[in-house]
Asker: 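Sending over a structure as structure tokens; questions will come in a sec.
Positions are given from 1, in the same order as the sequence printed here.
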Amino acid sequence: RERERFHLQFTHSLYRVFEMLGTPDESVWKGFKKLPIVQQMEFHRYPPGKLKKKFSFLTSAGLGLLNALLCYDPEERISMSTALKSEYFKETPLPIAPEMFPTHPARSEGAKRRVWIWLAVEHTECAYTHTH
């Protein structure tokens with residue numbers, strides 16, 4: 001039963017990715033057809049291109065970086081060291097040092113540092129925290 005639930009969640013997650021990035025095939029991921037899951041399942045064909053619509057606020061450099069980071073083919077995907085050299089990080093507003101991020105509770109109170117990261121997901125704001 002637990003395995004079925006995992007399979008449903010996994011399949012749902014795959015389809016959410018495919019819906020946003022387009023269903024992969026051999027033209028975007030060499031060896032895709034050889035993957036075990038691809039041989040076991042048939043996927044609905046979603047066209048690529050929703051990423052630009054979803055992240056329309058990004059500049060062309062930002063969208064290019066996002067596409068490079070989300071590339072299906074691991075051999076073609078950009079490395080983090082290359083990503084950090086992207087023109088996107090040279091655009092205004094410039095990034096700030098991590099120690100400038102808001103924290104809660106205040107460090108002056110001797111509490112552990114908790115960094116708040118706000119993400120916009122489907123018109124809903126979600127907060128994720130990471131404690132150091």
Side-chain angles (χ1 to χ4, degrees):
R1 185 158 164 80
E2 200 58 32
R3 189 178 181 126
E4 286 176 25
R5 198 170 108 212
F6 170 79
H7 180 73
L8 286 172
Q9 289 174 339
F10 177 75
T11 304
H12 176 74
S13 297
L14 272 180
Y15 276 105
R16 294 289 308 254
V17 171
F18 293 170
E19 189 177 22
M20 186 62 58
L21 303 178
T23 307
D25 58 25
E26 287 290 322
S27 70
V28 295
W29 187 350
K30 293 175 191 80
F32 177 72
K33 287 184 179 183
K34 294 177 184 172
L35 296 173
I37 194 166
V38 175
Q39 295 175 359
Q40 296 170 13
M41 297 177 70
E42 191 169 322
F43 299 109
H44 176 78
R45 300 287 309 156
Y46 290 102
K50 281 196 174 180
L51 208 56
K52 185 176 183 175
K53 185 177 179 182
K54 181 76 172 177
F55 295 95
S56 60
F57 57 88
L58 284 176
T59 62
S60 60
L63 189 60
L65 176 60
L66 186 58
N67 274 310
L69 290 167
L70 297 175
C71 178
Y72 281 120
D73 189 339
E75 297 296 321
E76 299 293 323
R77 193 176 304 131
I78 193 172
S79 70
M80 283 296 114
S81 58
T82 302
L84 288 172
K85 296 173 188 169
S86 168
E87 288 299 312
Y88 175 73
F89 295 113
K90 297 173 187 163
E91 296 177 343
T92 56
L94 294 174
I96 61 172
E99 58 270 8
M100 298 300 294
F101 286 120
T103 61
H104 178 77
R107 278 191 245 164
S108 60
E109 297 170 9
K112 284 187 176 180
R113 183 173 181 221
R114 181 174 279 167
V115 178
W116 292 87
I117 302 169
W118 291 94
L119 299 173
V121 180
E122 305 273 339
H123 308 289
T124 304
E125 285 189 341
C126 299
Y128 294 90
T129 62
H130 177 70
T131 305
H132 307 266

Asker: Assess whether atom CZ of Arg45 is packed by more than 12 heavy atoms of other residues, nucleotides or ligands within 6.0 Å.
Answerer: yes
Asker: Nearest 0.5 Å, please: how far is CZ in Arg16 from OH in Tyr46?
Answerer: 10.0 Å
Asker: Measure across Glu26 and Gly31 and return the closest heavy-atom pair with its distance rounded to 0.1 Å.
Answerer: OE1-N, 3.0 Å
Asker: With the 4.5 Å side-chain cut-off for hydrophobic clustering, are Leu8 and Met41 part of the same group?
Answerer: no
Asker: Are side-chain heavy atoms of Arg5 and Gln9 found at a separation under 4.5 Å?
Answerer: yes
Asker: Does the side chain of Tyr88 reach to within under 4.5 Å of the side chain of Leu58, using non-hydrogen atoms?
Answerer: yes
Asker: So Val38 and Phe43, do their side chains get closer than 4.5 Å, heavy atoms only?
Answerer: yes
Asker: Please tell me if the side chains of Trp29 and Pro74 come closer than 4.5 Å, counting only heavy atoms from C-beta onward.
Answerer: yes
Asker: Taking the side chain as C-beta and beyond, is there a heavy-atom pair between Lys54 and Met20 under 4.5 Å?
Answerer: yes
Asker: Using every non-hydrogen atom in the two residues, find where Gly22 and Tyr72 come nearest and quote the distance to one decimal.
Answerer: O-OH, 2.7 Å
Asker: Would you kindly confirm whether Leu94 and Phe57 end up in one hydrophobic cluster when ILVMFWY residues are joined by side chain heavy atoms under 4.5 Å apart?
Answerer: no
Asker: Would you check if the side chain of Thr23 reaches a backbone N or O of Phe18 as a donor-acceptor pair within less than 3.5 Å?
Answerer: no
Asker: Judged by atom type as modelled, is there a donor-acceptor pair below 3.5 Å linking the side chain of Ser86 to the main-chain atoms of Phe89?
Answerer: no
Asker: Taking it one step at a time, do Leu69 and Met80 satisfy side chain to side chain contact (heavy atoms under 4.5 Å, CB included)?
Answerer: CA-CA 8 Å; Leu69 290 167; Met80 283 296 114; 3.1 Å; yes
Asker: Would you mind reporting whether Arg1 and Glu4 have side-chain heavy atoms less than 4.5 Å apart?
Answerer: no
Asker: Side chains of Ile37 and Leu14, heavy atoms from C-beta outward: is any pair under 4.5 Å?
Answerer: yes
